[in-house]
Peer 1: 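Dropping a structure here in structure tokens format, bear with me for questions.
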Amino acid sequence: MSFKSPFPDVEIPNLSVYDFLFGSVDPAEEARPALIDGASGAVTTYQGLIAQINGVAGALAARGLAVGEVVGLHSPNVPAFASVFHGILRAGGVATTINALYTAEDIAKQLTDSKAKFLFTVSPLLPQAKAAAAQVGIADANVIVLDGAEGHPSLKDLLTEGAPAPEVSFDPATQLAVLPYSSGTTGRPKGVMLTHRNLVANVCQINPRMGISGDDKLLAVLPFFHIYGMTVLLNAALRNRAALVTMPKFDLVEFLKIVSEQRCTYVFIAPPVAVALAKHPLIDQYDLSSVHSIFSGAAPLDQELGKAVANRLGCRVRQGYGMSEMSPVSHAIPFDRDDIALDSVGPTIANMECKLVDPGTGEEIEQPTEGVSAPGELWCKGPNIMAGYLGNDEATAETLDAEGYLHTGDIATVDSEGVVTIVDRMKELIKYKGYQVPPAELEALLLTHPQIADAAVIGVLDEEGEEVPKAFVVKQQGAELDEAAVIAFVAERVSPHKKVRKVEFIDLVPKSAAGKILRKDLRAAEAGK
Ligand code: 4UU
């Protein structure tokens, strides 16, 4: 038996993301701040944001963007991100958001795979963006630099053209809105096909649980390019007419300064920030009394750590769980429930049902009538589940079953009340500070080293309890190679979050008869150390 959300179903309107978020903005809401640049304090009102969204949509349509065509968006969190993101969707385009830490190689791969026609970036990231665009044949005139750069149109150029937003018509239930990249349960990053309906649904599903209101000022330091920031910040916050205070990257002092100066009320984080909030002496030097809630997701939150943050800041702490393939949220501790353990991810959100399946036997694990169930792989079904992976039917079939359940690759338990706790991850994926690190990519790179005969990469916990990528390396015979050399070799070739941070030399990578790396053996050996 599957277990259903304990909450009643919510209605999901059949609207495009733009119509859902901005179709009903009333005159009183137009003057409210939608985005505040954390560094400068510059405000974009809802009216200003809507005008910019339509301006971007018009400029893209005038340049020939057709419904269903893909646009790359490669930028850290700045207010203009929202105008461009929603402008692309408003024009019927599909936004493929690109990690701001990516190398030119990573960017080129995503642009090629998604067949992007245009690329938006910012001047500090232009060298890698330009190299990638050149590699895939996107002309300079179609590489738009938000803050301007010689030889490229800027956002201002697009907006001053004054082209009207196009009249587009599409079915929100099937029309793709975004293509974030995720490695899913195995292999390289793949385009996750999320429709307008998927995104609208997830906002409707989480809205009653997260308690974001028009009076809130949310700190937007979690990247908008990642699905967590995209849905919870760019979509849910704007739907509720809250204000988003943007920060392009995490820096503790800057973070504390902005929260206290802007009087932020609701702060969305990944667990590494919780560590700083619980322990760092600097925290006491800032007035953080405006914060009523901290919400953590993207990696496991420790219960004691969560409690320490709540006590120190005198605020609510909540945890949610999600996955790009689920738009992303499937579980969240409701804002109005103080009694749910902080190391759980709460009950299943509305309109969803789940199963726990024993990965060894394939048998379903029953929800207990009292206590906690045995662990099993979490499968989820609902209107927020992706349409599939772009151009990869095989990966889609491995992840989405015939009944519509998404196999998350995470191991969880459920209790009699329906509260789910994530206890392990069976898939390959490594999370470094909440960012995805696909081990397959690092293994392929390690194999290009002339002195490496074979390699496997898994996630291990470092001294602070944070997950980091560790490489198990088999040297070529007679090779002179040490840990530092392997770390440096990878670091020179990948974006910073994908660096290998630990290395162990072994004689043989454990593999199945079919040649698949037996990561679980490496993980078991690691756990026994
Ligand atoms: C243990 O990380 C995400 C989405 C995170 C998210 C978003 C909105 C969390 C709460 C929320 O409200 O997506 P991906 O695709 O980058 O990574 C998905 C994987 C999961 O399969 C799981 O392994 O990240 C891990 N993960 C978590 N693990 C995500 N959240 C959690 C969590 N505890 N709370």
Side-chain angles (χ1 to χ4, degrees), residues 97 99 178-186 189-192 194 199 202-203 205-207 209-212 218 222-237 266-272 274 293-303 305-306 317-335 340-349 352 354 375 377-380 384-386 389 399 406-413 419-439 459 461 465-467 497:
T97 50
N99 191 320
V178 296
L179 261 182
Y181 273 64
S182 164
S183 66
T185 54
T186 178
K190 296 170 277 291
V192 177
L194 300 179
L199 298 187
N202 210 224
V203 172
Q205 292 169 287
I206 62 176
N207 235 354
R209 307 278 85 84
M210 282 198 181
I212 303 171
L218 282 76
L222 286 180
F224 294 146
F225 59 73
H226 181 246
I227 193 72
Y228 181 179
M230 196 188 293
T231 287
V232 178
L233 301 172
L234 272 184
N235 294 346
Y266 208 146
V267 178
F268 288 84
I269 60 165
S293 304
I294 291 189
F295 192 95
S296 174
L301 179 71
D302 178 76
Q303 162 129 266
L305 180 62
V317 172
R318 297 291 182 264
Q319 176 167 212
Y321 160 84
M323 184 169 162
S324 306
E325 290 81 347
M326 302 197 287
S327 304
V329 189
S330 63
H331 292 80
I333 303 179
F335 75 99
I340 297 180
L342 280 185
D343 58 351
S344 81
V345 295
T348 308
I349 60 172
M352 291 197 86
C354 299
E377 186 186 5
L378 179 64
W379 295 8
C380 303
N384 50 322
I385 301 293
M386 67 167 179
Y389 291 116
T399 312
L406 180 101
H407 301 196
T408 66
D410 292 304
I411 302 286
T413 59
V419 171
V420 168
T421 302
I422 307 293
V423 294
D424 198 3
R425 197 186 295 136
M426 61 187 263
K427 59 188 168 189
E428 293 173 2
L429 178 66
I430 301 168
K431 281 295 195 81
Y432 178 71
K433 301 198 170 186
Y435 285 113
Q436 290 204 3
V437 182
L461 297 184
E466 297 288 341
E467 189 175 6
H497 66 290

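As the structure lists them, so they are numbered: ligands from 1, and atoms in each ligand from 1. Scope of the values below: all heavy atoms of this structure, side chains included, with no hydrogens, waters or symmetry mates. Predicted model, so just to flag it, every value in this text is computed and none were measured.
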Peer 1: With H331 as reference, evaluate I349, L378, I422 under the side chain to side chain contact (heavy atoms under 4.5 Å, CB included) test and give the passing residue.
Peer 2: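 The single option meeting the side chain to side chain contact (heavy atoms under 4.5 Å, CB included) with H331 is L378.
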
Peer 1: Considering the options Q436, H226, K190, which one meets the side-chain hydrogen bond (donor to acceptor under 3.5 Å, both in side chains) requirement together with S182?
Peer 2: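 Single pass found, and it is Q436.
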
Peer 1: What distance separates Q205 CD from M352 CE, expressed to the nearest 0.5 Å?
Peer 2: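 One finds 6.0 Å between CD of Q205 and CE of M352.
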
Peer 1: For a quick test of reading the model, state the closest non-hydrogen atom pair linking I333 to G346 and the distance between them.
Peer 2: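 Looks like CG1-N, 3.6 Å.
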
Peer 1: I'd like the contact residues of ligand 1, where contact means a heavy atom below 4.0 Å.
Peer 2: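 Close residues (ligand 1, cut-off 4.0 Å): M210, H226, I227, Y228, F295, G297, A298, A299, P300, Q319, G320, Y321, G322, M323, S324, P328, V329, V345, D410, I422, R425, K427, K431, Q436.
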
Peer 1: Closest heavy-atom contact between M210 and F295?
Peer 2: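 Between these two residues, the closest heavy atoms are CE-CZ, 3.4 Å.
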
Peer 1: So H407 and W379, would you call those rings parallel, tilted or perpendicular, with 30° and 60° as cut-offs?
Peer 2: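 Judged by the thresholds at 30° and 60°, the geometry between H407 and W379 is parallel.
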
